[in-house]
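Working notes, beginning with the structure itself.
We count residues from 1, following the sequence as given. Just so you know, these numbers come straight off a predicted model, no measurement behind them. For ligands, and for the atoms within them, numbers begin at 1 and follow the listed sequence.
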Amino acid sequence: MVKTIRKAVLPVAGLGTRFLPATKSIPKEMLPLVDKPLIQYAIDEARDAGIQEFCLITGRGKDSLIDYFDIAYELEATLKERGKLTTLEALKPSSLTAGSLMAVRQQEPLGLGHAIWCARAFIGDDPFAIILPDDVVKSNKSCVSQLVDIYNQTGGNVIAVTEVLPEHTNRYGILDIGADDGKLVEVKGLVEKPKPELAPSNLSVIGRYILNADILTHLSKLERGAGNEIQLTDAMAKMIGNTPFHGLRYEGKRYDCGDKAGFLEAQIAFSIDRPDLGPDVKQFLKNYY
Ligand code: UTP
C-alpha cells in the first residue's frame with residue numbers, strides 16, 4: 001500500500017526575470033491567464049487530484065500571492081450589496097479551507113532544489129506533489145491526477161515528461177530512459193540542461209512531480225549544479241535505483257507560461273475554448289494572419 005498524496009509544494013520564489021518589468025512589483029505567478037492568476041490554476045489542479053494541503057515557497061515581494069487566498073470582506077460585501085452574485089461566485093476558488101495553506105520564505109533564490117528543501121517541515125515523511133505554476137497543462141484530466149493514478153500503482157517517484165525539440169535540451173531537465181511502453185518510461189538517469197550533443201534523449205521533465213520525502217536527504221547537502229543553483233534534477237538523479245522512478249507522458253498540452261511566447265499561446269488556447277470569449281477571439285485573430 002502506498003501512502004496517499006495529500007500535500008503539494010508550489011515554489012514561487014523565482015525572480016521571473018523573463019517578464020521584467022512586469023514582474024518588478026507583481027509576482028509572475030499572479031499574472032493572469034485570461035482572468036485567473038497562474039497560481040489559481042496550480043491550486044485547482046492539486047485539488048482535482050484530491051490534495052488539500054498546500055505550501056507556497058515565496059520570496060520578497062511575493063506577499064500578494066498569500067493575500068490572494070485570503071477573504072476579501074469589503075469586496076464581497078460590496079458585490080453582495082450590488083446584487084452581483086455571478087461575480088461573487090468567481091471569487092470562490094480563491095477561498096481555501098482555514099489552515100490548508102502554508103507559506104515559507106526562501107530568503108535567496110538559490111534554485112528550485114533549494115526551494116523544495118525550504119518546505120522540509122511541511123513535507124515531513126510524506127510523499128508529495130510539486131507544481132510549478134508557470135507550467136500550465138491543458139488536459140481532460142488534471143496532470144497531477146494522472147501522476148497520482150500512476151503513483152498509486154507503482155509507488156516511488158513519478159514525474160511528468162514530454163518530448164522537446166532536440167536543439168532545446170539545454171533549457172530543461174532531460175531523461176535517460178530504460179523500459180518504455182509509449183506512455184510510461186523507466187527513468188535511468190536525469191541531467192539538468194544538457195547541451196544537445198550531450199543529451200541522453202529529448203524527453204524533458206515538466207513542472208509536475210510526485211516525489212518521495214527521501215529527496216530531502218539529497219537536497220540537504222545543498223550541492224550546487226547547473227547555473228550554480230541547487231538543482232532539483234540533481235537530487236532526483238540520486239534517488240534513481242533506490243525506489244521505482246517513472247516518467248509519464250501525460251495526456252494534454254503544456255504551456256510554458258514562464259516564457260513570453262508560451263504565455264501568449266496559452267492566452268489564446270485558454271480563451272478560444274470559452275463560450276464567452278471564443279467567438280470574439282477567433283474573429284479578431286483573423287486580422288493577424
Ligand atoms: P524559473 O527557472 O522559471 O525561474 O523557475 P524564475 O526566476 O521563476 O523565472 P526567470 O527564468 O527568471 O524568468 C522555475 C520555478 O522554480 C521557482 C520559480 O518560482 C518557478 O516556479 N524557483 C526557482 C524558486 O522558487 N526558487 C528559486 O530559487 C528558483
Side-chain angles (χ1 to χ4, degrees), residues 8-33 37-46 54-66 68 101-123 128-137 143-144 159-162 164 168-174 190-194 204-209 211 215-216 219-220 222-236 254-264 266:
V9 177
L10 299 103
V12 293
L15 297 177
T17 53
R18 283 170 289 171
F19 276 95
L20 284 170
T23 45
K24 185 179 167 201
S25 58
I26 301 169
K28 175 170 69 175
E29 301 76 11
M30 281 305 292
L31 297 178
L33 174 49
L38 291 174
I39 191 70
Q40 181 74 62
Y41 289 86
I43 293 281
D44 289 348
E45 194 177 324
F54 313 99
C55 181
L56 296 183
I57 311 300
T58 71
R60 278 182 297 287
K62 300 270 182 167
D63 290 354
S64 60
L65 282 156
I66 301 165
Y68 174 78
L101 180 76
M102 271 182 63
V104 174
R105 273 276 173 107
Q106 184 192 22
Q107 294 98 330
E108 290 176 275
L110 298 179
L112 178 58
H114 183 259
I116 302 303
W117 181 70
C118 290
R120 61 197 179 280
F122 170 80
I123 297 166
F128 63 104
I130 302 175
I131 304 180
L132 306 190
D134 52 1
D135 258 347
V136 179
V137 183
C143 185
V144 176
I159 56 179
V161 299
T162 193
V164 294
H168 288 171
T169 56
N170 57 354
R171 300 181 184 179
Y172 305 101
I174 298 291
L190 282 163
V191 201
E192 185 63 25
K193 301 191 173 74
S204 114
V205 180
I206 72 154
R208 300 289 183 277
Y209 317 71
L211 298 179
I215 190 84
L216 295 172
L219 289 174
S220 66
L222 303 178
E223 282 166 4
R224 305 276 179 147
N228 199 31
E229 292 193 345
I230 298 162
Q231 296 286 357
L232 180 64
T233 307
D234 297 343
M236 288 195 300
R254 180 271 300 261
Y255 294 90
D256 181 358
C257 296
D259 168 80
K260 282 174 211 165
F263 200 20
L264 288 172

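- The protein atom (non-hydrogen) at minimum distance from atom 12 (O) of ligand 1 is Thr17 OG1, 2.5 Å.
- Polar contact check, Gly16 against ligand 1: a nitrogen or oxygen pair lies under 3.5 Å apart.
- Atom 4 (O) of ligand 1 has as its closest protein heavy atom Lys28 NZ, 4.3 Å.
- Given atom 23 (C) of ligand 1, the protein heavy atom at minimum distance is Gly14 CA, 4.0 Å.
- In terms of polar-atom proximity, defined here as any N/O pair under 3.5 Å, Ile57 makes no such contact with ligand 1.
- The shortest N/O to N/O separation between Gly258 and ligand 1 does not fall below 3.5 Å.
- Here's the thing with Arg18: one of its N/O atoms is less than 3.5 angstrom from an N/O atom of ligand 1.
- Proximity of a side-chain donor or acceptor of Arg208 to a complementary backbone N or O of Asp135 within less than 3.5 Å is detected.
- The protein heavy-atom contact nearest to atom 15 (C) of ligand 1 is Leu132 CD1, 4.0 Å.
- In this structure a side-chain-to-backbone donor-acceptor pair under 3.5 Å is missing from Lys193 to Ala226.
- In this structure, atom 25 (O) of ligand 1 lies nearest to the protein heavy atom Ala13 N, 3.0 Å.
- Looking only at protein heavy atoms, the nearest one to atom 7 (O) of ligand 1 is Leu15 N, 2.8 Å.
- Within the 4.0 Å heavy-atom cutoff, Gln106 counts among the residues contacting ligand 1.
- Distances from atom 16 (O) of ligand 1 to the heavy atoms of Leu112, Asp256, Ile131, Thr58 put Leu112 nearest.
- Looking at atom 21 (O) of ligand 1, its nearest protein heavy atom turns out to be Pro11 O, 2.9 Å.
- Residue Gly111 has at least one nitrogen or oxygen atom sitting less than 3.5 Å from a nitrogen or oxygen atom of ligand 1, judged on distance alone.
- Judged by the shortest distance from any of its heavy atoms, Glu108 lies outside the 4.0 Å radius around the atoms of ligand 1.
- For atom 5 (O) of ligand 1, the nearest non-hydrogen atom of the protein is Asp134 OD2, 4.5 Å.
- The side chain to side chain donor-acceptor pair (under 3.5 Å) contacts involving residues 111-120 comprise Gln106-His114, where partners must be two or more places apart or lie in separate chains.
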